Amino acid sequence: MQNEPLLRVDGLRVEFPGRRGTLVAVDDVSFDIAPGEVLGVVGESGAGKSMTGSAIIGLLEPPGRIAGGSISLDGRRIDNLPYEEMRRIRGKHIGAIFQDPLTSLNPLYSVGRQLVETITTHSDISEKAARDRALALLQEVGIPAPERRIDQYPHQFSGGMRQRVVIALALCANPRLIVADEPTTALDVSIQAQIIALLKRLCREHGTAVMLVTHDMGVIAETADRVAVMYAGRIAEIGPVRDVIKNPRHPYTVGLMGSIPRMGHDAERLTQIDGSMPRLTEIPAGCAFNPRCPYVFDRCRVERPDRMAVAPFHEAACWKYADGVGHA
Amino acid sequence: MRDAAPAKPGKGPLVKVVDLARYFDVSPPLLNRMLEGKPRQILRAVDGVDFAIGKGETFSLVGESGCGKSTVARLAVGLYRATRGSIEFDGHDFGRMTRRQDMAPIRSRIQMIFQDPYASLNPRWRVREIIAEPIRAYRLLSGDRAINARVDELLRQVRLTPADGTKYPHEFSGGQRQRISIARALASNPEFLVCDEPTSALDVSVQAQILNLMKDLQRELGLTYLFISHNLAVVYHISDRVGVMYLGRLAEVAPARALFRRPRHPYTRMLLDTIPDMDMTGRQRMPVAGEVPSPINPPSGCAFHPRCPFANDRCKVERPNPLPHDDALVACHGVEEGRVPEGPIAAPRAA
Amino acid sequence: MAVASVPGAVRRFVDSDVFYSFRRSKVTMAAAAVTFVIVICSVLAPWIVPHNTYDVRSLNLLDAFTPPVWIEGGKPQYLLGTDDQGRDVFSTIMLGARVSLLVGFCATLFAMTIGVFLGLVSGYIGGTTDAVIMRVADVKLSFPAILIALLIDGVARGIIPRDMHDDLALYVVIFSIGISNWVAYARTVRGSTLVEKNKEYVQAARIIGLHPLTIMIRHVLPNVMGPVLVIGTLGLAGAILAEATLSFLGVGVPGTQPSLGTLIRVGNNFLFSGEWWMTIFPGVMLVILVLAVNLLGDWLRDALNPKLR
């Protein structure tokens, strides 16, 4: 990758100061997203994947705060900007799609009004032109009869249609990056497939980069170019999606892939990782995965592994891969 | 061993459901109806469903939200009363029983596992009390010592420890709570467990633990499952036979492998096409177009016809009944007439 | 592991978020301290007051209208002065607060019991039962609470023999305040019950086949009590004020056992003749008491609201 990344996250750390001490929700997370690339971020609840997304769009819920590292968009740092400036960037350069479309839409305004307002805030065009653009956007995201639907209110749309509206809203200002946090989780399977197809098509056509946060490996497999697997606030493994899914290297990813029931795979039992992800208050020393890891050895219990290359563009944070040890 | 089970054992099925229906009155309040002239509105959540489950078998109902699968689950444990039809458990028809006491003789033999592990345990009770409640309610054991011993055994059975009994539900993770929920369901030695989306609120690695546990328990205790899920891969993994529901009716019922290898109903085929391709074969998917219509005003004829690429005039007016095709039951005029081709469906492009 | 013992429960409470938010709010701690002191003083009042003002023989009419001790003419044994009959104002306030608190507590408890029960039944059973209970509540709400209390008091005076008035007056006041305050509890509990009854743990109890009443009391009730405690605390302040209002209007507790309201009414007659201490001090006491209880209620509402945590 010789060209400059669109988004660069470097050593990001997100903390939640609380009365029982400070919780570290995201710890030393680094990754790049190239222009037009779809990076999937996958992990189980509490892995810190959504928190990473919120940190990038500058919408961490207080008392959460960025406690270290940097986030740069197009070579410009955005993690330390004042609120107002970040708000402008959020609208213009970074779009956001959330799990529940209802929370991103104002129930009191018509869909058209919300689109027009967003468009006119970020570009200097007339109300009329903005409305035409809104209609075109609704058409583009696959809403039938947009001329009629544009003046309706969010509650008049079904869940799938609402998520389409949210996508249209995110695309208003032609952002370079979209952060999509579980965009299909609340939807039915058939609608889910439609929304994924839509998101893929739009990003290809507009050249928008996407950070796709989800717990669903299937969605990642369908959509992403690269995938980062998160565990207990850190990236366990990152690499091209095909490599990670077909040939996972980190023991956690191996277990995760094995635990997904698949059509046509006839196994009496699924591979299971015993135990559960540690709570943020009780992250073990060394590698956070060590108590559940079948390959654990002494070094894992005391020293925390950094990411190391296991294949071209493919890195895993596991001592198995240090100095070629246990490369089996 | 389980694979041999679906072949029916000597006597009849353990659970037999015939023409089961449940309607909900979702009309506006009387005053609004009178003043605003609004009509009564009936939601046909389940509208004529037939299936039977053999002893030791896992039968799954799969479908999208609003298809009525959870209503069937609640009918099957007696939480709702049927509007029409019957549910027979070991010869007792309890579908339309009205009084609480009527179900007493079979109550302890049917239990349920719920979807939300955060809502299914009373937050004010200790785990030990939660699990002991069915034992006390049915007076299965007397004396605290005997009950405690039984609760310890149940906790071990779901791979928790007796010490966990003194804690409160909030001290456990989602997967552990689901184990507690299973322990409570097992406390009365039931034969039939209704599982309503038991893993859909869990992370995949935890889901694998629970699915494995459920399979182990089935083998150890000879349980019969009615499994409700929207996740086709999970259903494929756990079931012997599968029923695909659409708007309150069964579209297709078939043995799990046959259904997934050779789906017949156009809806089943499109549903299977929504499953993400995890094997990276580069298979082109064809997502179902459109959305599930409202069950208050379902489409005429075959409810799937507005989304079906093979629908013709007959499908729009006449409701198809399930007819046998090999080892499957399929409710589709197209399949019956042989005008639905085999192989991939070329549906109108969605989105 | 947590054990089912009192120290365990105490440790859990000290460790809980509620206690943490208490420790962080100085205002709440002050309010709690004030409430605590007032409650203790009221409970112990008959044994610790400097003068037993209920005992007519101990009164000395010559001491009537003594001003507070720091004003010229004040006497050291009457800290806040005396009233028209020579009763020590400080002592009457302590004994009056006792009556006010007693009426407030009992009326609140009474309203809570009725309200919680009706709310549970209404929410859990639903249908016609629910409709009837809630319409009664609506009707009840369309009358001001004080009007209902006055009405009940009037009716009670009419039907109770005259010589029993003083003995029963306290109960009549408690009943009339309680009966006019149950709606808030019923509505809140009904709302919470509607939410709880659809939760899966209640369905699990129904599948087990428990009697609806058992489910209501053992499963639902403990989970709807949070908001009830908040309303109860705020309601206590309201009930104390209601009692004061009734007594001020002269239909409350009898003059032989004056509450703060009675004291204010009696003192009010002398306000413009210069003996201001007879009404101002009970008034200040009433304000402090109600304010402290209200602050506690506000804090409890915030502490139990997970959204604000």
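Residue numbers start from 1 in every chain, and the chains themselves are labelled A, B, ... in the order their sequence lines are given, proteins ahead of strands. Treat the numbers as computed from the prediction; the structure is a model and nothing was measured.
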Taking every heavy-atom pair that is under 4.5 Å apart, which of Lys199(C), His211(C), Glu196(C) has the most such pairs with chain B?
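Maximum pair count with chain B is reached by His211(C).
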Nearest heavy-atom neighbours spanning Gln111(B) and Ile207(C):
OE1-CG2, 3.8 Å
Minimum heavy-atom separation for Glu200(C) and Asp116(B), please, with both atom names.
OE1-N, 2.9 Å
Inter-chain contacts: residues 141-156 of chain B against chain C, heavy atoms under 4.5 Å
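The list, in residue order, is empty: none.
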For chain C, find its close neighbours in residues 70-78 of chain B: heavy-atom separation under 4.5 Å, sorted by number, or none.
Arg74(B), Val77(B)
Structural part of [X] lying under 4.5 Å from a heavy atom of chain C:
X	answer
Ile113(B)	neither
Tyr118(B)	neither
Leu121(B)	backbone

Once side chain to side chain donor-acceptor pair (under 3.5 Å) is applied, what residue pairs with a partner in residues 106-126 of chain C remain, sequence neighbours excluded?
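Non-adjacent pairs meeting side chain to side chain donor-acceptor pair (under 3.5 Å): Ser122(C)-Asp130(C).
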Is it the case that more than 12 heavy atoms not belonging to Lys16(B) sit under 6.0 Å from its NZ atom?
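Counting other residues, nucleotides and ligands, NZ of Lys16(B) stays at 12 neighbours or fewer.
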Quick one: CD1 on Ile208(C) to OG on Ser188(B), what's the gap to the nearest 0.5 Å?
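Answer rounded to 0.5 Å: 7.5 Å.
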Quick check: do [X] and [Y] have side-chain heavy atoms less than 4.5 Å from each other?
X	Y	result
Ile130(B)	Tyr201(C)	no
Trp125(B)	Asn223(C)	no
Arg218(C)	Glu133(B)	yes

Looking at Met112(B), Met103(B), Gln115(B), which one has more heavy-atom pairs under 4.5 Å with chain C than the rest?
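Heavy-atom pairs under 4.5 Å are most numerous for Gln115(B).
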Residue pairs passing the salt bridge (charged side-chain N to carboxylate O under 4.0 Å, His left out) test where at least one lies in residues 103-113 of chain B, sequence neighbours excluded
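Pairs touching residues 103-113 of chain B that pass the test: Asp90(B)-Arg109(B), Arg109(B)-Glu191(B).
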Can you check whether Leu79(B)'s main-chain N or O pairs, donor with acceptor, with Arg206(C)'s side chain at less than 3.5 Å?
yes
